[in-house]
Amino acid sequence: MTFRRGVLLPLVGLAVMTAAGCDSTEPQSTPTPTYRLEPRPVRPGEVALDGHAVSDGDTTFFPIGLTTGLDMLVGSHAEFAPKGEFVRVRVVVTNKGRSSVLFNTRRQLLVLADGKQLKPDDPAMLVKRQPGQFELGPADRLEFDLYYDMPKGAQVVALMGFGGPTLTDMKDATGTRIPLT
């Protein structure tokens, strides 16, 4: 049996590639390592939320705690009563983009069961020393509270999250609905 020069080598290469693809001893891919963040207890009256992360542009929202029925807020220099009752939403935001995002906490709206949307309560945010806006760098993550003054007996259903303006969404006018139940 004679082979012409140049024919045998491609056939041998094909056989080797086929055998390599059928090898059952190939190592399995390993999962990507993750950070080990210390668990911590919820605050008095707070309910830990079992939701999931929701994105709006390059910003990812992950609500982790909800407190309703707060009849007083105590800060470092003041006590403050609501017109109705205070609601506190603990949220983690992450910038998944490649540039910084100017994040405005006062654009985040609380959605009630009757469809009404509430802006964060400025005096409550000031008393509890929560940020008004901040620059969220690429791959940065921040956890903070949002405070709302809602009518007594109203029911919270969602948060309308507005990520900061990005290169692809300069106005971020629509936001993203994030369930809180």
Side-chain angles (χ1 to χ4, degrees), residues 31-70 73 75 80 82 84-151 154-181:
T32 303
T34 59
Y35 294 110
R36 291 187 209 128
L37 299 175
E38 179 181 333
R40 58 197 186 282
V42 297
R43 295 170 286 185
E46 186 174 46
V47 174
L49 297 173
D50 292 328
H52 60 280
V54 176
S55 294
D56 184 59
D58 288 340
T59 306
T60 299
F61 293 83
F62 187 44
I64 61 171
L66 177 65
T67 310
T68 59
L70 295 169
L73 292 181
F80 186 65
E85 63 184 79
F86 285 122
V87 173
R88 176 179 62 208
V89 180
R90 186 79 173 164
V91 65
V92 179
V93 293
T94 305
N95 179 358
K96 293 194 166 208
R98 296 185 342 186
S99 60
S100 294
V101 170
L102 184 58
F103 188 88
N104 185 345
T105 58
R106 294 195 168 61
R107 288 191 68 207
Q108 315 313 309
L109 303 175
L110 187 69
V111 181
L112 303 180
D114 65 3
K116 188 173 182 180
Q117 296 182 348
L118 304 175
K119 291 183 178 183
D121 187 75
D122 286 331
M125 294 287 284
L126 288 171
V127 165
K128 295 309 278 185
R129 300 186 183 267
Q130 294 303 298
Q133 67 179 15
F134 52 86
E135 192 168 322
L136 190 61
D140 283 354
R141 171 183 168 159
L142 184 66
E143 181 176 320
F144 58 93
D145 290 319
L146 294 166
Y147 286 89
Y148 301 89
D149 189 346
M150 74 173 190
Q155 186 179 12
V156 175
V157 293
L159 182 70
M160 281 301 293
F162 292 85
T166 66
L167 295 174
T168 58
D169 185 9
M170 293 307 292
K171 293 182 183 173
D172 188 28
T174 58
T176 299
R177 188 178 175 100
I178 306 157
L180 295 178
T181 55

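For clarity, every value in this text was computed on a predicted model and none was experimentally measured.
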Distance (rounded to the nearest 0.5 Å) between L37 CG and E143 CD: 9.0 Å
Interatomic distance, L73 atom CG to L126 atom CG [nearest 0.5 angstrom]: 11.5 Å
For V157 against A113, the heavy-atom pair lying closest together: CG1-CA, 3.9 Å
Rounded distance [0.5 Å steps], CG in L180 versus CG in L110: 7.0 Å
Shortest non-hydrogen contact between S55 and T60, atoms and distance: OG-OG1, 3.2 Å
D114, CG: over 12 other non-hydrogen atoms inside 6.0 angstrom: yes
Salt bridge flag under 4.0 Å for residues E46 and R90: no
Salt bridge flag under 4.0 Å for residues R43 and D145: yes
pair V92-I64: side-chain heavy atoms closer than 4.5 Å: yes
For P120 against M125, the heavy-atom pair lying closest together: CB-CG, 4.1 Å
L159 and its side-chain contact (heavy atoms from CB on, under 4.5 Å) partner, picked from T176, L109, L146: L146
Separation between CD1 of I178 and CZ of F61, rounded to the nearest 0.5 Å: 5.0 Å
Steps toward side chain to side chain contact (heavy atoms under 4.5 Å, CB included) verdict (Y147, V87): CA-CA 6 Å; Y147 286 89; V87 173; over 6 Å; no
Distance (rounded to the nearest 0.5 Å) between L136 CG and D58 CG: 10.0 Å
Note, F62 side chain near T94 side chain (heavy atom, < 4.5 Å): no
CD-CD distance between Q108 and Q117, expressed to the nearest 0.5 angstrom: 11.5 Å
Stepwise side chain to side chain contact (heavy atoms under 4.5 Å, CB included) test for V93 and F103: CA-CA 9 Å; V93 293; F103 188 88; 3.9 Å; yes
Derivation and outcome, side chain to side chain contact (heavy atoms under 4.5 Å, CB included), residues L70 and E85: CA-CA 6 Å; L70 295 169; E85 63 184 79; over 6 Å; no
Non-hydrogen atoms of G137 and S100 that approach each other most closely: CA-OG, 3.7 Å
Working for side chain to side chain contact (heavy atoms under 4.5 Å, CB included), residues E135 and V101: CA-CA 6 Å; E135 192 168 322; V101 170; over 6 Å; no
Nearest heavy-atom neighbours spanning F80 and A124: CE2-N, 4.0 Å
Donor-acceptor pair between R88 and T67 side chains, under 3.5 angstrom: yes
Non-hydrogen side-chain atoms of T105 and Q133 separated by less than 4.5 Å: no
Minimum heavy-atom distance between P138 and G97, given as atom pair plus value: CB-O, 3.4 Å
Side-chain heavy-atom pair P123, D121 within 4.5 angstrom cut-off: yes
